[in-house]
2 protein chains.
Amino acid sequence: MEPRKLTRNQALVLETLTQAEAPLSAYTILDKLRDHGFRAPLQVYRALEKLTEFGIVHRLESLNAFVACTHPHDHGPEKGVIAFAICEDCGQVSEISDPEIEDRLALLATRRRFTTEKTTIEMRGHCGNCTAA
Amino acid sequence: MEPRKLTRNQALVLETLTQAEAPLSAYTILDKLRDHGFRAPLQVYRALEKLTEFGIVHRLESLNAFVACTHPHDHGPEKGVIAFAICEDCGQVSEISDPEIEDRLALLATRRRFTTEKTTIEMRGHCGNCTAA
DNA sequence: ATCAATTGCGTTATGCTATAACGTGTGGCA
DNA sequence: TGCCACACGTTATAGCATAACGCAATTGAT
Ligand SMILES: [Zn+2]
Ligand SMILES: [Zn+2]
Ligand SMILES: [Zn+2]
Ligand SMILES: [Zn+2]
């Protein structure tokens with residue numbers, strides 16, 4: 001699932017997300033890429049699907065939006081649970097990888113005989129910068 | 001924020017969710033209530049908004065759907081984090097309240113000077129029944 | 001080189017999810 | 001009685017996501 005080489009559309013979508021300072025919706029990405037020939041939502045969604053598979057873009061479920069991965073170390077598609085702290089004011093998103101959370105959720109699932117395929121953890125609130133101000 | 005007494009629309013929406021065996025989208029609820037006079041999405045969304053405030057209905061972000069609260073003990077709107085285990089096969093949703101998870105997330109947030117307003121935790125996977133079968 | 005299979009691409013159309021804006025009616029209360 | 005808060009009904013619109021079709025480029029054998 002490693003990205004051999006990104007296609008043109010994938011690279012454009014990734015670049016747009018990387019330059020953004022907050023999560024972007026698929027339609028916002030589309031608007032930003034109209035000058036580069038994008039015309040239809042599917043062009044964006046198809047690129048996002050691949051980038052998400054590669055693990056270099058994340059979808060934020062509580063926002064219906066997407067961010068480029070800013071994780072310190074690389075992580076593929078199945079390399080553990082990621083928690084997101086999302087600032088409601090400035091849109092800043094920080095990724096948190098924490099084995100304790102992961103282990104605890106795994107235990108809770110096992111106790112209930114639940115087999116987890118995918119875990120979503122999203123904290124909405126206010127980052128330090130926005131609280132100080 | 002306690003529910004004084006539910007309005008007719010709120011009661012109908014809650015009853016629909018309670019009888020369902022899986023999360024329902026707002027539009028599915030609308031369809032089920034057409035015989036009771038519901039005509040427009042807003043009638044459903046307005047009821048859901050209140051029921052969610054009351055803490056007796058939960059929104060599942062990863063599904064864009066809603067469930068009636070099945071929590072063993074009552075919980076109001078701000079009574080702690082709830083994790084959901086959602087079966088992809090049968091739709092069964094189980095609510096998990098775990099102080100350890102809560103404390104750990106609180107710690108991780110504090111470390112980053114992040115003030116959490118709302119936390120979403122959703123595990124997608126397969127329940128015991130569906131795995132056994 | 002050639003063929004077949006895979007993958008990406010572009011387009012049109014459609015479906016699903018959610019809210020804005022406006023007006024009406026009802027009940028509680030000063 | 002007059003006011004206010006709140007629920008309600010309706011229409012319209014905004015925002016998010018995918019189905020289905022056919023073509024083009026790439027790959028990787030033979
Ligand atoms: Zn990441
Ligand atoms: Zn901020
Ligand atoms: Zn509950
Ligand atoms: Zn199940």
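Remember, it's a predicted structure, so these values are computed and weren't measured experimentally. Naming convention: chains lettered A, B, ... in sequence-line order (proteins, then strands); numbering from 1 in each chain.
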Rounding to a whole Å, what distance do you find between [X]:[atom1] and [N]:[atom2]?
{"X": "A:I29", "N": "D:dG15", "atom1": "CD1", "atom2": "C1'", "answer": "14 Å"}
{"X": "A:L60", "N": "D:dA17", "atom1": "CG", "atom2": "P", "answer": "11 Å"}
{"X": "A:K5", "N": "C:dT7", "atom1": "NZ", "atom2": "C1'", "answer": "15 Å"}
{"X": "A:L24", "N": "D:dG15", "atom1": "CG", "atom2": "C1'", "answer": "15 Å"}
{"X": "A:L30", "N": "C:dT11", "atom1": "CG", "atom2": "P", "answer": "12 Å"}
{"X": "B:L63", "N": "C:dC16", "atom1": "CG", "atom2": "P", "answer": "15 Å"}
{"X": "B:Y45", "N": "C:dA21", "atom1": "OH", "atom2": "C1'", "answer": "18 Å"}
{"X": "A:D31", "N": "D:dA14", "atom1": "CG", "atom2": "P", "answer": "14 Å"}

Hey, does the side chain of [X] come within less than 4.0 Å of [N]'s phosphate (OP1/OP2), counting only N and O?
{"X": "A:N64", "N": "C:dT17", "value": "no"}
{"X": "B:Q43", "N": "D:dC8", "value": "no"}
{"X": "A:T7", "N": "C:dT7", "value": "no"}
{"X": "B:R59", "N": "C:dA18", "value": "yes"}
{"X": "A:N9", "N": "C:dG10", "value": "yes"}

Let's see if you can work this out: which of [options] has an atom nearest to the side-chain heavy atoms of [X]?
{"X": "B:Y27", "options": "D:dA20, C:dA18, D:dG9", "value": "C:dA18"}
{"X": "B:A40", "options": "D:dT11, C:dT19, D:dC16", "value": "D:dT11"}
{"X": "A:L42", "options": "D:dA19, D:dC16, D:dT11", "value": "D:dA19"}
{"X": "B:R46", "options": "C:dA18, C:dT11, C:dA21", "value": "C:dA21"}
{"X": "A:R39", "options": "C:dT11, D:dC16, C:dA18", "value": "C:dT11"}

Check ion pair A:E53-A:K50 (N to O, under 4.0 angstrom):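 Result for this pair is yes, salt bridge flagged.
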Is any NZ, NE, NH1 or NH2 atom of the basic residue among B:R124 and A:E117 found under 4.0 Å from an Asp or Glu carboxylate oxygen of the other?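 Answer for the salt bridge query: no.
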Validation row: [X], [Y] side chains within 4.5 angstrom (heavy atoms):
{"X": "A:S94", "Y": "A:F84", "value": "no"}
{"X": "B:C127", "Y": "A:R113", "value": "no"}
{"X": "A:E61", "Y": "B:T120", "value": "no"}

Which comes earlier along DNA chain D counting from the 5' end, the contact point of B:R8 or that of B:P41, where each point is its nearest nucleotide?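 In this pair, the answer is B:R8.
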Base, sugar-phosphate, or nothing for A:A26, non-hydrogen atoms under 4.0 angstrom?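 No contact at all - A:A26 keeps every heavy atom at 4.0 Å or more from the nucleic acid.
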